[in-house]
There are 2 protein chains.
Amino acid sequence: MSKLNCLSPVPPDIVVSQSVKLLPIHELAKKVGLLPDEYELHGDRRGKIKLDAYERRKDKRDGKYVLVTGINPTPLGEGKTTTTVGLTQSLGAHFNKKVFACLRCPSRGPTFGIKGGAAGGGYSQVIPMDVFNLDLPDIDAVALANNLCSAAIDTRMFHEATQSDSALFRRLCPGNDFSKSMLKRLEKLGIFKKNPSDLTKDEISQFARLDIDPDTIQWKRAVDVNDRFLREVIVGVSSTEKGLQRTTGFDIAVASEVMVVLALATSLQDLRERMGKIVIGRNKKSLPVTTEDLGVAGAMSVLTKEVLKPNLMQTLEHTPVLIHAGPFANIAHGNSSIIADKIALKLVGEDGYVVTEAGFGADCGGEKFFNIKCRNSGLVPNCCVIVATVRALKVHAGLPLKECKKKNVEAVKAGCGNLVQHIENIKKFGVPVVVCINKFDTDAKEEVDVIIEKAMEGGAYAAVPSEHFAKGGEGAKELSKAVMKACETKSNFKFLYDLDLPIKRKIEIIAKEIYRADKVEYSEKTSSDIENFEKNGFGKLPICIAKTQYSFSHDPKLLGTPKGFTLPIREVRASIGAGFIFPICGKISTMPGLPTRPAYYDVDIDEKGEIVGLF
Amino acid sequence: MSKLNCLSPVPPDIVVSQSVKLLPIHELAKKVGLLPDEYELHGDRRGKIKLDAYERRKDKRDGKYVLVTGINPTPLGEGKTTTTVGLTQSLGAHFNKKVFACLRCPSRGPTFGIKGGAAGGGYSQVIPMDVFNLDLPDIDAVALANNLCSAAIDTRMFHEATQSDSALFRRLCPGNDFSKSMLKRLEKLGIFKKNPSDLTKDEISQFARLDIDPDTIQWKRAVDVNDRFLREVIVGVSSTEKGLQRTTGFDIAVASEVMVVLALATSLQDLRERMGKIVIGRNKKSLPVTTEDLGVAGAMSVLTKEVLKPNLMQTLEHTPVLIHAGPFANIAHGNSSIIADKIALKLVGEDGYVVTEAGFGADCGGEKFFNIKCRNSGLVPNCCVIVATVRALKVHAGLPLKECKKKNVEAVKAGCGNLVQHIENIKKFGVPVVVCINKFDTDAKEEVDVIIEKAMEGGAYAAVPSEHFAKGGEGAKELSKAVMKACETKSNFKFLYDLDLPIKRKIEIIAKEIYRADKVEYSEKTSSDIENFEKNGFGKLPICIAKTQYSFSHDPKLLGTPKGFTLPIREVRASIGAGFIFPICGKISTMPGLPTRPAYYDVDIDEKGEIVGLF
């Protein structure tokens, strides 16, 4: 293992990233135990693992499964990714453990917008950062599959509006045969005929007309760009579309349901099945219309087939990282893929560790990791790391951002309430909690000590400061020890709610147990939508609440540990392909904007042909 | 070399494609003389060649450079790609020559729409066809760079509309420094200051306000899907955009100017330079606004950097193919990349051959190959193959499609006028013409003979029937011999027009010499736009006429050799990054639609996880 030569002060991320020589991907693959036919190279700096690598090891025992999550995020950043990467650098390069980090693919939206890249930071990074931030193919494939479906929806409505039943039917079955998806649709309609000429006039009409109600279409188009002018658009304005214009919108591609399908699929066949279950809207009888009805689910699956293989990259200390899928953490579950975690757990084997990260705070990505991701995967987590910082806890105590660098033990103590509530929550899943205090230069010893004290009082298994940002894996040795020890405790993992409960009851459990709301409030429309879901057979799905990341509540301004609030469900939707119901609290933007000087202003190619300005 | 086992009748393309075992890409790379550090693997079935491969061989002599083009296309398909592939299979596997085929990346639009895939056909194909049709990254990167620019345009107009000069300036330069692109903008404005605090109030306003006139914006968004409802859209409808909505549209991604920049770039630095020259519209003083002004050209270049490396694949007979870029042949020049051709010419060396294909007929892609692509690359073609079929020539004689399979020597003879006019045209460039009669089972010997006779009378160097569809390279041996012989003649290559001529004169030369129009007609707006281009220094660019592929004229119904017509220029635009002026004749669609039963209905994943239904 290479030793990092850590400079102080820590240089900019791109400088650190470029200071380390990459391990050739085939050597990395060999090191993690992959056979030559179990992975693909994609250029010199990235690989992909084939799904066979799992199949061949499926009878092997899994490694320890560690989740990294955090307190409610603040504008200062808490360093979840940096911790995930630093912890694996430490376990792999300093304790000689087999280990993988599993992360989400970053969207190019924030990379070129406000936030910059997402490869970790300081001496805990995935390298090279340009490949990580720019060249992963997952999101492009998702956007394309998403947009093929969009074109299918509008074009189908156009063809139905402009053709008679018989013309439509003749053109749908020009070779006088049904495609596989057409047979599925017929079956759904209760028509068990295999030959187009056997259909009655009424059956032809039922089959050929999806009769989509345009007002119910929740499917949007997608781009991986922060393009605020696409939030709401009117399509079909050209005269060639004969006046069939309609108001719709674009989401950033990572908010697409296709991304969730990719993240939750447990195999290629499971992906195909989920892809066909996606409900794009309802017909005029209020029945769900699916991608299978549109005949486009097979093509959508084919377009995402190649990206079902997780991307293999490495950290600054040459430990392996799988980057795969990247769903939003509000309207979706905010976790990297099940497939990546499953492959990694087999590759590290029973003495190894897989560290996977959940987006947003432990109340969002964390809760969804347990209740949605683990439920789909059947995997059992052994330990949960909650990342906190001295500065962020001061924010939760109500201190203005600019005062957070100043020593203030009382404020830290007050802010610990947020952390403790997350510890209590995670323990409800039966998983031991290790608190990682991601250290900054400006932190005072007493500030760190008070967090340790409060965390232990709050039920943490351990609480340790960690300096992986400044020192790489070397700086995370205490954290590693705590995590390894926590993983030895007997796991008592359980879900927070039973799927058989009514939708409203499941929402209430999350709201009360995790967010600590007093009660939940539903608009009339929301209640009737929930009834409709249950009537259509979607009642047994898990719940994925879309709310702000900044607070336990629905209100981003309520920091710390808000109490006595009512959680208002503004709207409720269903991602049937993904397999969850998502109630929406407050205003959730699925298409960010760009600031006046976006990050792209500084990104360029220099005289030597190197990329500059990424951060 | 493997011998193809050709079945008769020829099975469906996908069956043929899957019947041949792939040569591992590293073996293919070795075979073509690439060193291990000169290429990248991208999965098991595709590679990418690094630009270094050219740099290291730049003093070597080029191979022979062969263009494949065709008569005016008909709905029957003439087989240009099949011929390009078949010819290289023949030269490589049957004459033991070093050879490359160079093709454009196929858009997923037609793959899932009406046309199906584009990997050749029968026993002359690029394999595997699923990788060729679905998994090349070029178009995704182009779309993303295109759409980042779109977001930059609308967001900039929004910020300018909602902020004062000083607020705008402060936010553009928050660190009190200028980015590289900002310095370029200042230079263009004649302000030679390096420090934001040195700017006067007036200079601040000039710098910070691009003042884009929304009515002049020609930049559209892009998706690689046939989505007719995006032809014209209203963006900015959400209340968050404060009423700044505007009518615009989406093109299919291959119609993006970014695609042309990728295709015409001769190096990474040239790509960067062209990317910054793209004119997205004009300001309120009618001066051009560029991507450099928007500060987005560096990021657009970074997003396309990786796809500047051509994709390496193989034919059914394991000869190498470079697939790279894929611009439209109407509003753009319709040829694959300069970089791919240049690398291939060095790799084959002076005894080898590079066969490159131009889109549409010889009057479109062919003319643009010589006047635009060769002018940019400095490469000199040695031979031009014009592909014709018995059936297509009958169409040009006015026969209805369904009668084209019936023997009719007179009709073929009458249709030969179209072919002969293309031969005459190409000879104006000083390049010898080999006519390839792409043979079908239904062709009668007399029909083929009359084409040979007419072609030779018309000035062809040779005219030969070819059976590469049915027999692979073995079937194209006569064609190979003719091409090799033609390449030995002394090249007398010249351009059709001089760049220093006025724009209208250049248009006239193409219209009269190639299309055989009597005259050219301009609307008043067109004439004033041309004046404006010349005033802005864009007068010395080559011309890229956008017109129908089906006729020498602007009218798709005028088959054969239309005479005595006036070419109407409806509109004229400029692609300054690409480096050409494009007059538009007739209605050109840059966003195709989907039929009632699109090709995607049949595309799926089968029980074994294989892709089915691609054709």
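Chain letters run A, B, ... following the sequence lines, proteins first, then strands; residues in each count from 1.
Qualifying ring pair (Phe, Tyr, Trp, His ring centres under 6.0 Å) partners for A:Tyr54, counting only residues two or more places apart in sequence or in other chains: none.
Paired with A:Tyr600 under the rule side-chain contact (heavy atoms from CB on, under 4.5 Å), one option of B:Val296, B:Val302, B:Leu303 passes, and it is B:Val296.
With a 4.5 angstrom heavy-atom cutoff, B:Leu244 touches chain A via backbone and side-chain atoms both. Within the 4.5 angstrom heavy-atom criterion, no atom of A:Ala143 approaches chain B. Heavy atoms of B:Leu172 lying under 4.5 Å from chain A belong to its backbone as well as its side chain. Proximity to chain B (any heavy atom under 4.5 Å) is restricted, for A:Gln163, to the side chain, taken from C-beta onward. Contacts between B:Lys50 and chain A at a heavy-atom distance below 4.5 Å involve the side chain alone, from C-beta outward. Interface remark: B:Ala167 contributes no atoms to any contact with chain A (heavy atom separation under 4.5 Å).
Residues A:Met591 and B:Ser238 fail the side-chain proximity criterion, which asks for heavy atoms closer than 4.5 Å.
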Salt bridge (charged side-chain N to carboxylate O under 4.0 Å, His left out) evaluation trace for B:Asp130 with A:Lys305 | CA-CA 11 Å; B:Asp130 58 320; A:Lys305 179 175 185 276; 5.5 Å; no

Could you list the donor-acceptor pairs under 3.5 angstrom formed between side-chain atoms of residues 603-615 of chain A and any protein atom two or more places apart in sequence or on another chain?
unit_1	atom_1	unit_2	atom_2	d
A:Asp604	OD1	B:Arg272	NE	2.6
A:Asp604	OD2	B:Arg272	NH2	3.2
A:Asp606	OD1	A:Lys608	N	2.9
A:Asp606	OD1	A:Gly609	N	3.1
A:Asp606	OD1	A:Glu610	N	2.8

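Of all the heavy atoms in B:Glu241 and A:Arg228, the pair that sits closest is OE2-NE, 2.6 Å.
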